[in-house]
Protein chains: 2
Amino acid sequence: MPVQKIRKVDEKKKLKHKAIVRAAIEIFAEKGFHNTKIKEIAKMANVADGTVYLYFSTKDDLFIKAFDELISEKLLIMKELINKEDTYFEQLTKFFDYHVKLFTDEPYIARFLSIELRQSTEFYKKYPDYQPIKRYLSFLQEIIEKAIAEGSIRDVDPVTLSYIMFGTMDFVLTEWSTKDQPFALGDILQKVKDILRYGYLSEN
Amino acid sequence: MPVQKIRKVDEKKKLKHKAIVRAAIEIFAEKGFHNTKIKEIAKMANVADGTVYLYFSTKDDLFIKAFDELISEKLLIMKELINKEDTYFEQLTKFFDYHVKLFTDEPYIARFLSIELRQSTEFYKKYPDYQPIKRYLSFLQEIIEKAIAEGSIRDVDPVTLSYIMFGTMDFVLTEWSTKDQPFALGDILQKVKDILRYGYLSEN
DNA sequence: CAATGAAATGAACACAAATTCATTTATTTC
DNA sequence: GAAATAAATGAATTTGTGTTCATTTCATTG
């Protein structure tokens with residue numbers, strides 16, 4: 001097997017690719033898909049407008065790939081973090097915290113997630129295969145299934161619970177990021193976890 | 001007090017206004033804000049392009065007013081329906097059902113709600129006063145407060161519970177409407193209510 | 001039933017922004 | 001280090017669509 005020569009161009013290519021994606025995420029997040037100009041992304045990534053089209057075929061393509069990379073990256077970190085927990089119950093509990101942490105560590109990320117979720121309705125028709133949240137939800141559902149098997153949570157429908165968890169966190173994060181952080185995320189998260197654990201029925 | 005003469009034009013005006021709004025809701029819902037052309041709305045409402053601008057100052061304005069009217073209408077119906085329930089606990093329970101009913105009775109309505117929720121991030125900066133979901137959430141929070149006072153649900157934070165309920169229903173409806181009705185809404189709704197009532201903890 | 005004014009029309013305008021491509025610059029090869 | 005190849009540039013092109021406004025149609029009034 002011949003030693004693969006590492007060409008200078010290839011390194012550069014990867015760097016540019018990354019720079020464009022990062023810039024894209026940031027600006028898409030801030031302004032939404034339709035208010036984002038390729039010019040702006042190019043500028044932030046320090047490349048010419050045309051260069052963007054050497055790496056991505058269209059604006060749609062850039063958006064899709066940017067989001068895909070973001071989700072993949074976050075999912076990877078999530079799996080690493082989660083797998084350190086001893087029980088599946090703990091994994092489920094920590095899922096809330098890590099999700100919020102991962103999608104708020106840079107302030108624009110949460111906005112990108114919520115924007116994307118909506119935009120996806122638009123993309124769904126054009127690109128039926130594009131279901132970026134799916135993997136993320138599947139992972140959550142697996143944890144739920146294991147926690148049920150473990151006996152630490154009761155036998156609820158994993159899909160339903162995943163919708164509740166994700167839908168809630170998404171709405172909370174959307175409110176939070178739209179309204180310029182009107183409430184302490186940690187507090188509300190604690191309350192969410194409490195309600196979802198014990199339900200809202202009176203104890204008696 | 002002189003008897004107000006009902007002028008033919010005034011009636012017509014109201015009719016056109018309504019026709020444009022209805023068309024707007026339907027097309028915005030189907031295509032999202034940016035993929036909707038005024039021309040199309042005009043066509044569906046059976047008016048000329050320019051006529052739209054006699055009733056609404058800009059496309060933004062039309063979108064905002066259309067959504068406002070939709071929410072107002074739905075909220076009104078919701079209040080009527082809900083007030084027939086005897087206990088606040090029942091009101092809270094039925095809120096789920098009515099919400100889903102109201103936003104799925106015409107197939108595009110749910111999509112409009114979810115699109116709007118997202119778009120609002122974009123509009124929020126331009127029009128800070130525009131917070132259409134607020135009234136709806138407030139109403140839900142009032143019911144929660146009363147149910148707590150009544151003693152039928154435990155003393156949870158009303159805002160948090162309203163986020164859980166709304167966020168969950170919104171995500172469920174988004175999935176449902178995006179994916180061309182992949183699951184029976186009634187079934188999943190039942191499961192959602194069960195989890196939120198009793199929580200996901202094991203009974204023992 | 002004229003005369004007046006209001007409402008409606010839709011072709012034309014203006015402009016923003018995605019994409020292209022002829023040209024320039026950088027990298028690799030022998 | 002010269003020739004060949006690859007990458008990058010950004011001005012120019014193209015396209016799409018929100019909005020305007022001169023003109024036409026319709027409604028009201030006395």
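Hydrogens, waters and symmetry mates play no part in the numbers below; they use all other heavy atoms, side chains included. Below, chains carry the letters A, B, ... as their sequence lines are ordered, and counting in each starts from 1.
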For the residue pair B/Phe171 and A/Phe166, does the interplanar ring angle fall in the parallel (under 30°), tilted (30 to 60°) or perpendicular (over 60°) class?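 Ring orientation, 0 to 90° scale: tilted.
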With sugar-phosphate meaning primed atoms plus P, OP1 and OP2, does A/Ser57 contact a base, only sugar-phosphate, or nothing at under 4.0 Å between heavy atoms?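 Nothing, no nucleic acid heavy atom in range.
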Separation of atom [atom1] in [X] from atom [atom2] in [N], rounded to whole Å:
{"X": "A/Lys37", "N": "C/dA17", "atom1": "NZ", "atom2": "P", "answer": "4 Å"}
{"X": "A/Phe56", "N": "C/dT20", "atom1": "CZ", "atom2": "P", "answer": "16 Å"}
{"X": "A/Phe63", "N": "C/dT19", "atom1": "CZ", "atom2": "C1'", "answer": "19 Å"}
{"X": "A/His34", "N": "D/dT15", "atom1": "NE2", "atom2": "P", "answer": "20 Å"}
{"X": "A/Leu54", "N": "C/dA22", "atom1": "CG", "atom2": "C1'", "answer": "14 Å"}
{"X": "B/Ile20", "N": "C/dT9", "atom1": "CD1", "atom2": "C1'", "answer": "13 Å"}
{"X": "B/Lys31", "N": "D/dT17", "atom1": "NZ", "atom2": "C1'", "answer": "13 Å"}
{"X": "B/Asp60", "N": "D/dG18", "atom1": "CG", "atom2": "P", "answer": "11 Å"}

When you measure from the centre of the six-membered ring of A/Phe89, is the NZ or CZ of A/Lys94 closer than 6.0 Å and no more than 45° off the axis?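 The answer is no; the distance or angle limit is not met.
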Do we get B/Lys79 above B/Phe139's six-membered ring, with its NZ or CZ under 6.0 Å from the centre and within 45° of the axis?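 Pair B/Lys79/B/Phe139 counts as cation-pi.
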Side chain to side chain donor-acceptor pair (under 3.5 Å) for A/Tyr127 and A/Asp60? Distances and angles first, verdict last. CA-CA 10 Å; A/Tyr127 318 103; A/Asp60 282 13; 2.5 Å; yes
Tell me if the centroids of the rings in B/Tyr136 and B/His99 come within less than 6.0 Å of each other.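 Yes, the ring of B/Tyr136 comes within the 6.0 Å limit of the ring of B/His99, centre to centre.
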For [N], does either OP1 or OP2 sit under 4.0 Å from a side-chain N or O belonging to [X]?
{"X": "B/Tyr55", "N": "C/dA7", "result": "no"}
{"X": "A/Tyr53", "N": "C/dC21", "result": "no"}
{"X": "A/Lys16", "N": "D/dA8", "result": "yes"}

Kindly give the heavy-atom pair with the smallest separation between B/Leu201 and A/Ser152, and that separation in Å.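 B/Leu201 and A/Ser152 have their closest heavy atoms at CD2-O, 4.2 Å.
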CA sep, side-chain torsions, deciding dist, call: B/Lys37, B/Asp49, salt bridge (charged side-chain N to carboxylate O under 4.0 Å, His left out): CA-CA 10 Å; B/Lys37 284 158 244 168; B/Asp49 304 5; over 6 Å; no
Would you mind telling me which of D/dA8, C/dT9, C/dT19 lies closest to the side-chain atoms of A/Thr51?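 Of D/dA8, C/dT9, C/dT19, D/dA8 is nearest to the side chain of A/Thr51.
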Hey, can you pull the residues of residues 38-48 of chain B with a non-hydrogen atom under 4.0 angstrom from DNA chain C?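 B/Val47, B/Ala48, in order of number.
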